[in-house]
Amino acid sequence: MKLALACDHGAYELKESIKKHLTEKGLEFTDYGCYSKESVDYPVFAFKAAKAVADQECDLGIICCTTGLGVSMAANKVKGVRAAVCTNEMLAEMTRRHNNANVICMGQNVVSPELANQLVDIFISTEFEGGRHERRVNLLTDIENGKELS
Ligand code: RB5
């Protein structure tokens, strides 16, 4: 499994802490920036990691900003990406099981580094359930493709 990692300046420390965690676990990742606490625009970095997931260069993405909100909005604009802001263990598990989320978004001012690592572990180890959820996820793709649902 290869992971795509990105953040803005507001979550630089959280991203570095997650990187350390992934390295300790022997997991492969690409760091799409940013690379310091200098102020940057979160859509740029969210886009880089989200595109790597959409292009199947990476299997799953981990993208952080101060709140997790801005990066999730940016990532969800990329076709093929289902990004979810997660703040607890249940959300990290359920968004994989039911939504087949391929990007987890977290906020440095929202989750502790320890919780973020736990959420990452849950997110990357939980499988999509498929079944009725597959139909619903396919409907998300239909919306993405401009189809009007009735
Ligand atoms: C940056 O100040 C902040 O707006 C950003 O990190 C993010 O939380 C946006 O949603």
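Each ligand, and each atom within it, is numbered from 1 in the order the structure gives. Index from 1, following the sequence. Scope of the values below: all heavy atoms of this structure, side chains included, with no hydrogens, waters or symmetry mates. What you see is a predicted model; the values in this text were computed from it and never measured.
Using a 3.5 Å distance cut-off with no hydrogens or angles, the side chains of K20 and N117 do not pair a donor with an acceptor.
For the pair K48 and F45, the cation sits on the ring face: its NZ or CZ lies under 6.0 Å from the ring centre, inside 45° of the axis.
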Are E57 and K51 close enough, and set up right, to give a salt bridge (charged side-chain N to carboxylate O under 4.0 Å, His left out), and what steps lead you there?
CA-CA 8 Å; E57 285 162 20; K51 185 164 164 31; over 6 Å; no

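Among protein heavy atoms, atom 2 (O) of ligand 1 sits closest to H9 NE2, 3.8 Å. When hydrogens are left out, the protein atom nearest atom 3 (C) of ligand 1 is T66 OG1, 3.6 Å; that is the closest non-hydrogen contact.
Not a single heavy atom of M73 sits closer than 4.0 Å to an atom of ligand 1.
Near D8, with a cut-off below 4.0 Å to any heavy atom, the atoms of ligand 1 are 1 (C), 5 (C), 6 (O).
Listed for the R97 side chain is no donor-acceptor partner under 3.5 Å among the backbone atoms of E129. In this structure, N145 contributes its side chain and K147 its backbone to no donor-acceptor pair below 3.5 Å. For the pair D59 (side chain) and K2 (backbone), a donor-acceptor distance under 3.5 Å is present.
Checking only distances, Y42 never comes within under 3.5 Å of ligand 1, N or O to N or O. Residue-to-ligand polar distances place G70 within reach of ligand 1: an N/O pair is separated by less than 3.5 Å.
Under the 4.0 Å distance rule, the nearest protein heavy atom to atom 6 (O) of ligand 1 falls inside the cut-off.
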